[in-house]
Q: 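Below you'll find the structure I mean.
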Amino acid sequence: MRVHEMIITNEFQPQYLQWIAHRASMYRSDIRIRFEKDNILLDAKSILGMMILPFRPGTVITVQTKGMDEEEAIEEMCLLLENKSIQ
């Protein structure tokens, strides 16, 4: 299992959150996002979950991946959530 804690620094548009869920679904690993303040655990592959929950600047989250491609999955999810380009 890989774990990475981070703070959201940007507002995300709904289309961008859909893109993150789409990219998460490309991995075989389980990908979860924990909202530390509210103790909510979200499946990053769930478009609805990504759209409903509060991805706002200052929100502390923990990205967790577990599975065959967990290292690649956590790397891409963290880049996307940090709003950086994927190379």
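Just so we're clear, the structure is a prediction, and the values are computed from it rather than from any experiment.
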Q: If you count every heavy atom of other residues, nucleotides or ligands that lies below 6.0 Å from Gln13 atom CD, does the total exceed 12?
A: no
Q: Can you tell me how far the CE atom of Met26 sits from the CD atom of Glu72, to the nearest 0.5 Å?
A: 14.0 Å
Q: Using 0.5 Å steps for rounding, measure from the CD atom of Gln64 to the CG atom of Leu42.
A: 11.0 Å
Q: Write down the atom of Thr65, the atom of Ala73, and the distance for their closest heavy-atom approach.
A: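 The answer is CG2-CB, 3.9 Å.
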Q: Please report the interatomic distance CD(Glu76) to CD1(Ile20), rounded to the nearest 0.5 Å.
A: 9.5 Å
Q: What residues form a ring pair (Phe, Tyr, Trp, His ring centres under 6.0 Å) with Tyr27, not counting sequence neighbours?
A: none
Q: How long is the span from the OG atom in Ser46 to the CE atom in Met50, to the nearest 0.5 Å?
A: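 Nearest 0.5 Å value for the OG-CE distance: 8.5 Å.
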Q: Walk me through whether Ile61 and Met6 qualify under side chain to side chain contact (heavy atoms under 4.5 Å, CB included).
A: CA-CA 6 Å; Ile61 62 169; Met6 61 193 310; 3.5 Å; yes
Q: Between Glu82 and Asn10, which heavy-atom pair has the shortest distance, and what is it?
A: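 For Glu82 and Asn10, the tightest heavy-atom pair comes out as O-ND2, 3.9 Å.
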Q: For Met1 versus Lys66, what's the shortest heavy-atom pair and its separation?
A: CE-CD, 4.2 Å
Q: Report, one line per pair, each donor and acceptor closer than 3.5 Å where one atom sits in a side chain of residues 29-36; sequence neighbours left out.
A:
residue : atom : partner : partner atom : Å
Ser29   : OG   : Asp69   : N            : 3.2
Ser29   : OG   : Asp69   : OD1          : 2.5
Ser29   : OG   : Glu70   : N            : 3.0
Arg34   : NH1  : Asn39   : OD1          : 2.9
Glu36   : OE2  : Thr62   : OG1          : 2.4

Q: How long is the gap from CZ on Arg2 to CD on Glu71, to the nearest 0.5 Å?
A: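 One gets 4.5 Å once the value is rounded to the nearest 0.5 Å.
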Q: Show the nearest heavy-atom pair for residues Leu80 and Tyr16, with the distance to one decimal.
A: O-OH, 2.7 Å
Q: Is there a path of hydrophobic side-chain contacts, each under 4.5 Å between heavy atoms of I, L, V, M, F, W or Y residues, that connects Ile40 with Leu81?
A: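 In one cluster with Ile40: Leu81, yes.
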Q: Please list, chain by chain and in numerical order, all residues satisfying side chain to side chain contact (heavy atoms under 4.5 Å, CB included) with Ile47, sequence neighbours excluded.
A: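 Applying side chain to side chain contact (heavy atoms under 4.5 Å, CB included) to Ile47 gives Gln18, Ala21, Met51.
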